[in-house]
Protein chains: 2
Amino acid sequence: MSLPETKERILDSAEYLFARKGFHNTSLRAITGRAAVNLAAVNYHFGSKEALLEAVFERRLVPLNKVRRKNLEVVRETARREGRLPGVEESLRAFIEPTLAFRKSGTGAEDFITLVGRAMSDPDDTVRNVFIRHIAPLFYMLFDILREALPELSPDMLFWRLQFAIGAMGHAICMAGKSYSLPEGVTPVSDVESLTAMLLDFVVAGMERA
Amino acid sequence: MSLPETKERILDSAEYLFARKGFHNTSLRAITGRAAVNLAAVNYHFGSKEALLEAVFERRLVPLNKVRRKNLEVVRETARREGRLPGVEESLRAFIEPTLAFRKSGTGAEDFITLVGRAMSDPDDTVRNVFIRHIAPLFYMLFDILREALPELSPDMLFWRLQFAIGAMGHAICMAGKSYSLPEGVTPVSDVESLTAMLLDFVVAGMERA
DNA sequence: GTCTATAGATTGATAGAC
DNA sequence: GTCTATCAATCTATAGAC
């Protein structure tokens with residue numbers, strides 16, 4: 001059966017397993033087994049395991065980045081039209097909100113966004129480089145808008161604060177929906193809206209710190 | 001040559017490689033090759049690759065945790081003696097400062113602290129579980145002190161804010177000393193004192209956000 | 001304790017029939 | 001495009017000489 005969905009099935013399976021076990025700890029046999037396709041299909045459709053990883057990132061990251069870029073452009077243009085500086089909160093929201101919201105955007109999106117949360121600090125160059133290549137332009141764009149929003153902050157300080165914010169977001173993504181052992185009396189909400197609101201509160205406060 | 005330092009050489013080499021390539025992407029051959037010891041020495045001294053990972057964490061984490069625990073106890077006792085609540089900044093500092101300072105505490109410590117920065121969100125269960133087992137008690141201790149410091153904050157909210165802070169710290173650790181491509185005009189400082197000060201500023205602001 | 005040698009399993013990738 | 005079969009490399013782990 002030469003189903004046109006074979007590539008998609010492989011991508012879904014790889015996304016699922018990469019997010020849960022990591023790239024190097026996931027074999028092509030595990031991927032094709034879960035996808036119920038033949039082992040050789042991966043190399044036929046993608047060429048190599050590494051190219052498959054690239055494709056897993058690309059499938060979701062291209063549309064997600066389009067939304068984030070659009071949001072940032074709107075923030076910039078609106079501020080310019082109204083003759084004011086872009087706000088810190090609206091700038092960070094333009095980047096963070098679509099990222100966390102993406103989690104419930106479709107089947108497997110949750111796996112992907114977990115993968116994203118981990119990719120930034122992945123020990124493996126293969127994973128991290130593929131990810132950084134896709135995310136760097138948006139990072140610079142966000143950096144530039146925050147430069148305008150916080151002109152009194154030195155570039156160095158802004159750089160680090162933005163790194164802190166990104167670290168907080170990535171870790172929040174990794175933790176969301178997991179069930180680690182929790183302190184007494186804690187039953188943490190993890191619906192997207194609440195988490196986004198809490199995270200934005202936190203990073204805006206840190207970013208605006210005098 | 002039956003040098004008593006063989007175990008140490010293996011630990012150093014494993015620490016170096018785990019931090020740079022990840023656990024599953026590092027072979028025992030690479031470890032023993034770099035350590036200039038025989039392949040079989042790993043299984044003789046540690047029993048298995050996984051037990052070696054455990055030992056890598058244990059060697060550094062036990063003394064580091066002793067410092068962090070001591071610091072947190074001092075914060076708690078000092079506040080109690082002075083009849084006041086523990087402060088947010090001193091509580092977070094008691095945890096964060098020794099962690100970042102550990103980076104320059106000796107040969108290889110930098111590698112280890114990178115490993116720590118990544119362990120929290122490591123895709124691999126083996127790595128993450130070993131780490132969480134060592135860090136969980138201190139996390140609860142810090143959580144409890146911050147409960148006293150911020151009594152008006154709901155446990156859920158505090159839990160997430162602490163997660164954000166830990167995510168920021170972990171990412172900062174991973175980024176420190178790396179040379180990623182940077183925005184125009186940014187030459188980020190990464191000496192321990194400056195980074196600690198900036199990070200504390202950021203997370204205290206986020207934690208105290210009204 | 002250190003070494004050689006190798007077992008035993010698993011890996012990514014490919015050739016070639018259909 | 002999909003399959004079987006397999007190659008060549010790699011891996012962790014261990015047995016046994018020294």
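Listed pair Thr6(A) / dG1(D) fails the phosphate criterion, with no side-chain N or O lying under 4.0 Å from OP1 or OP2.
The side chain to side chain contact (heavy atoms under 4.5 Å, CB included) search around Ser121(B) returns Arg118(A), Ser121(A), Cys174(A), not counting sequence neighbours. Listed by chain and number, the residues in a ring pair (Phe, Tyr, Trp, His ring centres under 6.0 Å) with Phe18(A) are Phe23(A) (sequence neighbours excluded). In this view, Arg93(B) and Glu89(B), Glu97(B), Leu200(B) satisfy the side chain to side chain contact (heavy atoms under 4.5 Å, CB included) rule, not counting sequence neighbours. Looking at residues two or more places apart in sequence or on another chain, you find a side chain to side chain contact (heavy atoms under 4.5 Å, CB included) between Lys104(A) and Val192(A), Glu193(A). For Phe131(A), the ring pair (Phe, Tyr, Trp, His ring centres under 6.0 Å) partners at least two apart in sequence or on another chain are Phe57(A). In this structure Phe159(A) satisfies the ring pair (Phe, Tyr, Trp, His ring centres under 6.0 Å) test with no other residue, sequence neighbours excluded.
For the pair Glu148(A) and Pro86(A), the minimum side-chain heavy-atom distance is below 4.5 Å.
In the region residues 122-131 of chain B, proximity to DNA chain D at under 4.0 angstrom, judged on heavy atoms, holds for none of the residues. Contacts with DNA chain C (heavy atom under 4.0 Å) in residues 19-29 of chain A: Thr26(A), Ser27(A), Leu28(A), Arg29(A), listed by number. Heavy-atom distances under 4.0 Å link DNA chain C to Asn38(B), Ala40(B), Tyr44(B), His45(B) of residues 31-49 of chain B, given in residue order.
Protein atom CZ of Arg9(A) is 11 Å distant from nucleotide atom P of dT2(D), rounded to whole Å.
The side chain to side chain donor-acceptor pair (under 3.5 Å) pairs that include a residue from residues 134-146 of chain B are Ser181(A)-Tyr140(B), where partners are two or more places apart or lie in different chains. Listed by first and then second residue, the side chain to side chain donor-acceptor pair (under 3.5 Å) pairs involving residues 38-56 of chain A are Glu54(A)-Arg133(A) (not counting sequence neighbours). Residue pairs satisfying the side chain to side chain donor-acceptor pair (under 3.5 Å) criterion with at least one member in residues 22-32 of chain A, sequence neighbours excluded, are listed as follows: His24(A)-Asp124(A), His24(A)-Asn25(B), Asn25(A)-His24(B), Asn25(A)-Asp124(B).
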